[in-house]
Amino acid sequence: MRVMVLGSGGREHAIAWALSRSPIGAEVIVAPGNGGTIGSFGSAELDVCDASSVLKSAKELGIDLVIPGPEAPLVAGVADRLMDQGILVLGPEKKGAMLEGSKAFAKSFMEENGILTSPFDVCGDLKSCKAALESRTPPYVIKADGLASGKGVLITSDVDEAADYCSKMLDGQLFGDAGRRVVIENHLNGFEITALALLDGSDGALLPLSHDYKRALDGDRGPNTGGMGAYAPVPWDSEELRERIREEVLTPTINGLRKRGITYRGILYMGLMIDPEGKIWVLEYNVRMGDPETQAIMPIIGDDWLKLCHGAANGELQVKDIQTNGKSALGIVLASEGYPFSPRVGHPIEGTWPFDDGSSLVFHSGTALVNGKLVSSGGRVLTVVGIGDSIETARINAYKRMASVALPGGFHRGDIGSPTTEVGGSPRS
Ligand code: GLY
């Protein structure tokens, strides 16, 4: 079997690595890939959001299954085009991808299907934004409706800053058309978890539950990022919690999709908040795996990942839960100086070899090979993942490995999975 993973991040590196471990023995191509995937897997030059370019490569390479890593190709309708040509895709069609492509659509969908989500307003002009802000108490949560590369959310207690942000989104200054509609919602307190599920069009199977760290700096300070670290499974990943996620979120979502005539075969990302009373709120849907959650989840999957992906894309998943190998994993992201605003790239990276040293792995994101040398080429450069029998052992192994990686100006958080903050803790208020 030939599988093509679309993308060039750490998530795609981890997906490709997990696919390549299947006893089925697939040839894995990461397109366009990065400095870590080139050499370990096949590669192809293409534009992931250009359906013609993806289709051409898939045909030339005789691809049996395409797995888009990021959301943008799915929202752009790349899966629709591939499926029309009879190519198997693990990822929803454009209308299913609207769960991530429009926050207003996602919130209405949740409301329609009885899925608990924070009360919200969708605003298309400044007057309605101001009214929505005035009707709420701070902190205010303001989101761009469309795709904004993970940067479209502001949480602030300053009403003037909130109104200014709305105004800049509405006139297209911040995110172009993606910000011309604004979602304003009530702020929620609690503990966030990421629940990923593999859907085959009629059913879904949960992956191990994970937790990621969105702020740039220790203690959850600094600007929001794509994610600075993650661990899996969360210590309170229990059958009871999984059953509640299935009943309260996953099943109503699958039923809601079916009611709208959407056959969703792919990954569903459910960003959940467990509040101090134990209620499960849906913060957001994404239509792809999380980054860096995937880097922490793939090493603890006990089942054959390729068989699962192929089964889901084919409409024949036949499992309720995806089994783990009993291990825990914790990933720490190494970022370039200046990330997330203006990352400085082109610096040499040392210490990434070997990829797997027995207790840790190094998944590449913003890396490139220039004249045979590995250099930084993006904001998030790589994720070091420690593996262990517990989150604590995984954390020790990850930080030990990170100490041997060098990137001039690079930084990482020092408190991923720290026992004093997250692991073993009850929901924060
Ligand atoms: N780590 C958050 C995300 O992938 O959306």
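Order of appearance sets the numbers: ligands from 1, and atoms from 1 within every ligand. Because only heavy atoms are used, hydrogens play no part in the values below, and waters and symmetry mates are left out as well, while side chains stay in.
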query: Is there a donor-acceptor contact under 3.5 Å linking the side chains of Ser118 and Asn186?
result: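 Asn186 and Ser118 do not have a side-chain donor-acceptor pair below 3.5 Å.
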task: State whether a side-chain donor-acceptor pair under 3.5 Å links Thr253 with Tyr285.
output: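 Tyr285 and Thr253 do have a side-chain donor-acceptor pair below 3.5 Å.
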Region of Glu71 engaging ligand 1 - heavy atom pairs below 4.0 Å: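 It is neither part, as no heavy atom is under 4.0 Å.
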query: What part of Asn286, side chain from CB on, backbone N/CA/C/O, both or neither, has a heavy atom under 4.0 Å from ligand 1?
result: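 Just the side chain.
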Below the 3.5 angstrom mark, is there an N/O of [X], backbone or side chain, next to an N/O of ligand 1?
X	value
Arg11	no
Gly226	yes
Asp291	yes
Glu284	no

task: Give me the ring orientation class for Trp17 and Phe363: parallel if the planes are under 30° apart, tilted from 30 to 60°, perpendicular past 60°.
output: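 Perpendicular.
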- prompt: Do the rings of Tyr399 and His412 sit parallel, tilted or perpendicular, given the 30° and 60° boundaries?
  reply: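 The arrangement is tilted - the two ring planes meet at 30° to 60°.
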Ligand-residue contact atoms, ligand 1 with [X], heavy atoms, under 4.0 Å:
X	answer
Glu293	1 (N), 2 (C), 4 (O)
Asp212	1 (N), 2 (C)
Gly290	4 (O)

task: Identify whether the distance between the nearest side-chain nitrogen and carboxylate oxygen of Arg180 and Asp145 falls below 4.0 Å.
output: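 Asp145 and Arg180: not salt-bridged.
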- request: Decide, yes or no, whether a salt bridge links Lys95 with Glu93 under the criterion of side-chain N to carboxylate O below 4.0 Å.
  value: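 So Lys95 does not pair with Glu93 through a salt bridge.
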- prompt: What is the nearest protein non-hydrogen atom to atom 4 (O) of ligand 1, stated with its residue, atom name and distance?
  reply: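 Here the nearest protein heavy atom works out to Arg288 NH1, 2.8 Å.
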field: Residues Thr37, Ser40; criterion side-chain hydrogen bond (donor to acceptor under 3.5 Å, both in side chains); working and verdict
entry: CA-CA 5 Å; Thr37 60; Ser40 306; over 6 Å; no
